[in-house]
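Inspection log for the structure reproduced underneath, given as structure tokens.
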Amino acid sequence: MGTALVSAALLAADLATLAACTAPELPPESAGYFRAIEASRLAAASAQSMVLEHRAFWAAGSSGEPGDYEKRDLRGAEWRASLVSRQIEDMLREED
């Protein structure tokens, strides 16, 4: 279960990044812009949730330890999701 959560978190972080990169290319008043923003937020929140679920999985006493690659990928997913969340907040702040 641990590696599947990491893979899913990485994919969600990638989706969040793609949606966040798409938003500035769209007219700020368009529905597509707001859909890209919302997709980015949801994907970033999903990635962050899976990171927490992975940590809870190992903290609950699962046998063994996560491998180095698993830990690195988990940190990468968490960092990218956090970065996207900050970028989206900055974009929305600039609109005001």
Side-chain angles (χ1 to χ4, degrees):
M1 179 170 141
T3 56
L5 278 171
V6 173
S7 294
L10 284 168
L11 290 171
D14 287 343
L15 179 59
T17 301
L18 288 171
C21 290
T22 301
E25 302 299 319
L26 300 168
E29 65 282 348
S30 71
Y33 175 80
F34 290 105
R35 284 188 198 116
I37 293 286
E38 190 60 20
S40 182
R41 283 179 145 169
L42 290 171
S46 295
Q48 290 166 334
S49 177
M50 285 181 258
V51 166
L52 293 174
E53 182 66 28
H54 183 273
R55 289 190 178 134
F57 172 75
W58 288 106
S62 178
S63 62
E65 278 285 315
D68 289 338
Y69 290 115
E70 193 173 337
K71 290 177 186 177
R72 186 202 66 213
D73 288 347
L74 192 68
R75 284 191 307 270
E78 182 177 35
W79 180 83
R80 289 192 320 225
S82 175
L83 175 64
V84 166
S85 295
R86 288 190 309 272
Q87 288 173 327
I88 293 298
E89 293 305 315
D90 289 346
M91 273 192 270
L92 292 175
R93 219 174 291 129
E94 288 174 7
E95 286 179 14
D96 294 338

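A quick note: this is a predicted structure, and the numbers were derived from the prediction, not measured. Just so it is clear, the values below take in all heavy atoms, side chains as well, and ignore hydrogens, waters and symmetry mates.
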What distance do [X] atom [atom1] and [Y] atom [atom2] have between them, rounded to the nearest 0.5 Å?
X   : Y   : atom1 : atom2 : answer
E25 : Y33 : CD    : OH    : 11.5 Å
L42 : I37 : CG    : CD1   : 11.5 Å
L74 : L52 : CG    : CG    : 9.0 Å
S82 : Q87 : OG    : CD    : 10.0 Å
L11 : M50 : CG    : CE    : 8.0 Å

key: Cluster overlap L15 with L5, hydrophobic side-chain contacts below 4.5 Å   = no
ask   = Linking I/L/V/M/F/W/Y whenever any side-chain heavy atoms sit under 4.5 Å apart, do L26 and L18 land together?
value = no
task = Might you confirm whether atom CZ of R35 has over 12 heavy atoms from other residues, nucleotides or ligands at distances under 6.0 Å?
result = no
inquiry  = Does D90 have more than 12 heavy atoms from other residues, nucleotides or ligands lying within 6.0 Å of its CG?
reply    = yes
Nearest heavy-atom pair of [X] and [Y]: which atoms, and what distance?
X   : Y   : result
A44 : A16 : N-CB, 3.6 Å
D73 : L10 : O-CD2, 3.5 Å
M91 : A20 : CE-O, 3.7 Å
A19 : A36 : CB-O, 3.5 Å

task = Kindly determine whether W58 and E70 satisfy side-chain contact (heavy atoms from CB on, under 4.5 Å), including the steps that lead there.
result = CA-CA 12 Å; W58 288 106; E70 193 173 337; 3.5 Å; yes
ask   = Which residues pass the salt bridge (charged side-chain N to carboxylate O under 4.0 Å, His left out) test with E78, sequence neighbours left out?
value = R55
request  = Just grab all the salt bridge (charged side-chain N to carboxylate O under 4.0 Å, His left out) pairs involving residues 7-16, residues at least two apart or on different chains.
outcome  = D14-R80
key: Exam field: side chain S85 to backbone A81, donor-acceptor pair closer than 3.5 Å   = yes
